[in-house]
Structure formats: C-alpha cells, structure tokens
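Structure, as structure tokens:
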Amino acid sequence: MSHTTVDSPVGPLTLVAHDGVLSGLYMTGQRHRPGDEAFGPEDPSPFGDVITQLAEYFDGTRTGFDLPLDPIGTPFQRTVWRALVEIPYGGTVTYGELAQRLGRPTAARAVGLANGRNPIGIIVPCHRVVGANGDLTGYGGGLARKRHLLDFEQGSDAYRLPL
C-alpha cells in the first residue's frame, strides 16, 4: 500500500494504491475512511494518471475516468460500485433505481449501504445516487460536497463549497 494527497475543489483527497492500482480515494472527514496507518507510506509515483484525470475532471474537460481500479469490498459491494460507474456524468439515479438495474428491486437499502462504503469516491461516482424523491441523502464526504459535485457536473453555479 502507498498513498499521496492532492488538493481539489472539495478539499484534500487522499489517494491510496494497492500494488500500484488505485484502491482508495478519500476526503477529509469522510465516513468509513480507514485510519491513516492503513494507507502505507507516502509515495506519489503510482498516481500520475489518477492525478491527471482528476485535474481534467475538476477543470471540466473530463466526464469519465479510464483507470484501473482495485476497490476492496464484498462481491455485492463490488457489483454496486461497478454499477455506479455506469451513471452518466451530470445524471442521478435513486437507490431504488440502482437496485432495479442490478436485478434486486427490493435491495434499495443494501444498495445504499454498499454505496456508502465506496472506497473510491468521485471516480466511482456514488455522489450521483439520490433519495427516492430526488433529495440528497447520505454521502460519506458530507452533503455539502455531494451538492457541490452534482452542481459542478450539471453546470450550475448555484452552490459553491466554502473550503
């Protein structure tokens, strides 16, 4: 394991790699963020493409990521996380819709729990999942960050994150 930290419009992002492949992207104060001791030594070398693609995303020239990923989770969690990357840039789906897409129409709550455990925020866009009525609900990085990311992707200046 190794890690590095990069600045972003939503605050510092800690990038974590396992055997040189991105396995974590964590925000400051994120729920379910492992302790820093789990991240291994500081080493920016495995993160060149990740840093470049994140910079392109935040400057508005990238709408999807093309990176090898190694999120660690249960088979069900990994299924949910794979479905998250299919949500179009600027779009949203509800937890129920995501459960339907997975062929598990009664599993909205389980989908929500797996979504909340996503270890690779932003790149695996768990911020694009909303409540049944379209309201913002739970986000490991905080609702202000979720609103910021959605507004950014939807081209809105309505909300700017005070960092």
Side-chain angles (χ1 to χ4, degrees), residues 8-11 13-34 38 47 49-159 161:
S8 82
V10 293
L13 303 175
T14 300
L15 309 176
V16 180
H18 179 257
D19 290 331
V21 178
L22 187 68
S23 61
L25 184 157
Y26 300 101
M27 299 174 198
T28 303
Q30 180 173 332
R31 190 174 4 154
H32 306 300
R33 176 188 167 118
F47 302 103
D49 288 342
V50 177
I51 293 167
T52 297
Q53 290 189 32
L54 281 168
E56 292 168 350
Y57 169 81
F58 283 118
D59 75 14
T61 59
R62 175 174 287 279
T63 60
F65 295 90
D66 181 23
L67 297 163
L69 304 175
D70 186 22
I72 297 168
T74 68
F76 179 75
Q77 288 172 331
R78 291 173 68 93
T79 297
V80 171
W81 302 336
R82 279 191 299 275
L84 293 175
V85 299
E86 301 300 322
I87 304 169
Y89 178 90
T92 59
V93 300
T94 67
Y95 295 99
E97 289 169 336
L98 196 54
Q100 285 275 63
R101 290 181 185 184
L102 295 173
R104 307 265 313 260
T106 61
R109 185 175 176 87
V111 165
L113 292 172
N115 193 58
R117 291 284 186 169
N118 173 21
I120 306 177
I122 302 171
I123 292 171
V124 177
C126 52
H127 61 276
R128 296 180 189 156
V129 184
V130 297
N133 60 2
D135 286 348
L136 299 190
T137 58
Y139 182 61
L143 291 181
R145 285 187 179 121
K146 183 171 186 166
R147 169 56 48 209
H148 177 86
L149 291 166
L150 290 172
D151 284 348
F152 169 72
E153 289 185 4
Q154 294 167 357
S156 170
D157 288 330
Y159 188 87
L161 190 61

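Worth saying up front: this structure is predicted, and the values here are computed from it rather than measured. Position 1 is the first residue of the sequence; numbering continues from there.
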> Can Glu86 and Arg101 be counted as an ion pair, charged N to O under 4.0 angstrom?
Replying inline: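 Salt bridge absent between Glu86 and Arg101.
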Closest non-hydrogen atom pair, [X] against [Y]:
X      : Y     : result
Pro119 : Ser23 : CB-O, 3.7 Å
Gln154 : Thr92 : NE2-CG2, 4.1 Å
His148 : Pro9  : NE2-CB, 4.0 Å
Ala107 : Ala99 : C-CB, 3.9 Å
Ile123 : Val85 : O-CG1, 4.1 Å
Pro34  : Ala38 : CB-CB, 4.0 Å

>> One pair to check against side-chain contact (heavy atoms from CB on, under 4.5 Å): Val111 and Leu102. What are the steps and the verdict?
In response: CA-CA 9 Å; Val111 165; Leu102 295 173; 4.0 Å; yes
>> If you count heavy atoms of other groups shown closer than 6.0 angstrom to CZ of Arg78, is the number above 12?
In response: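 Yes - once you tally the heavy atoms of other residues, nucleotides and ligands closer than 6.0 Å, there are more than 12.
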> With Tyr57, which residues qualify under ring-ring contact (aromatic ring centres under 6.0 Å, His included), at least two apart?
Replying inline: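 For Tyr57, the residues satisfying ring-ring contact (aromatic ring centres under 6.0 Å, His included) (neighbours in sequence not counted) are Phe65, Phe152.
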> What pairs with Tyr26 under ring-ring contact (aromatic ring centres under 6.0 Å, His included), at least two apart in sequence or on another chain?
Replying inline: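 ring-ring contact (aromatic ring centres under 6.0 Å, His included) check on Tyr26 returns Phe39.
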Among all residues two or more places apart in sequence or in another chain, which pass the side-chain hydrogen bond (donor to acceptor under 3.5 Å, both in side chains) test with [X]?
X     : answer
Thr79 : Arg82
Thr14 : Arg33
Asp59 : Thr61
Asp49 : none

Minimum side-chain heavy-atom gap [X]-[Y] below 4.5 Å:
X      : Y      : value
Ile122 : Leu13  : yes
Val93  : Arg128 : no
Ile51  : Leu15  : yes
His127 : Arg147 : no

> Yes or no on side-chain contact (heavy atoms from CB on, under 4.5 Å) for Phe58 and Leu149, after CA distance, side-chain angles and deciding distance?
Replying inline: CA-CA 9 Å; Phe58 283 118; Leu149 291 166; 4.0 Å; yes
As an exercise, state the distance from [atom1] of [X] to [atom2] of [Y], rounded to the nearest 0.5 Å.
X      : Y      : atom1 : atom2 : value
Leu150 : Leu143 : CG    : CG    : 10.5 Å
Cys126 : Leu98  : SG    : CG    : 11.0 Å
Tyr89  : Arg62  : OH    : CZ    : 11.5 Å
His32  : Gln30  : NE2   : CD    : 9.0 Å
Asn118 : Asn115 : CG    : CG    : 6.5 Å
Lys146 : Thr137 : NZ    : OG1   : 4.5 Å

> When you look at Val80 and Gln77, which way does the side-chain contact (heavy atoms from CB on, under 4.5 Å) test go after all the steps?
Replying inline: CA-CA 5 Å; Val80 171; Gln77 288 172 331; 5.7 Å; no
So, [X] side chain and [Y] main chain: donor-acceptor pair closer than 3.5 Å or not?
X      : Y      : value
Arg145 : Val10  : yes
Trp81  : Phe76  : no
Arg31  : Tyr139 : yes

>> So, applying side chain to side chain contact (heavy atoms under 4.5 Å, CB included) with Leu67, which one of Ile120, Val50, Leu54, Val21 is it?
In response: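 One option only clears the test, and that one is Val50.
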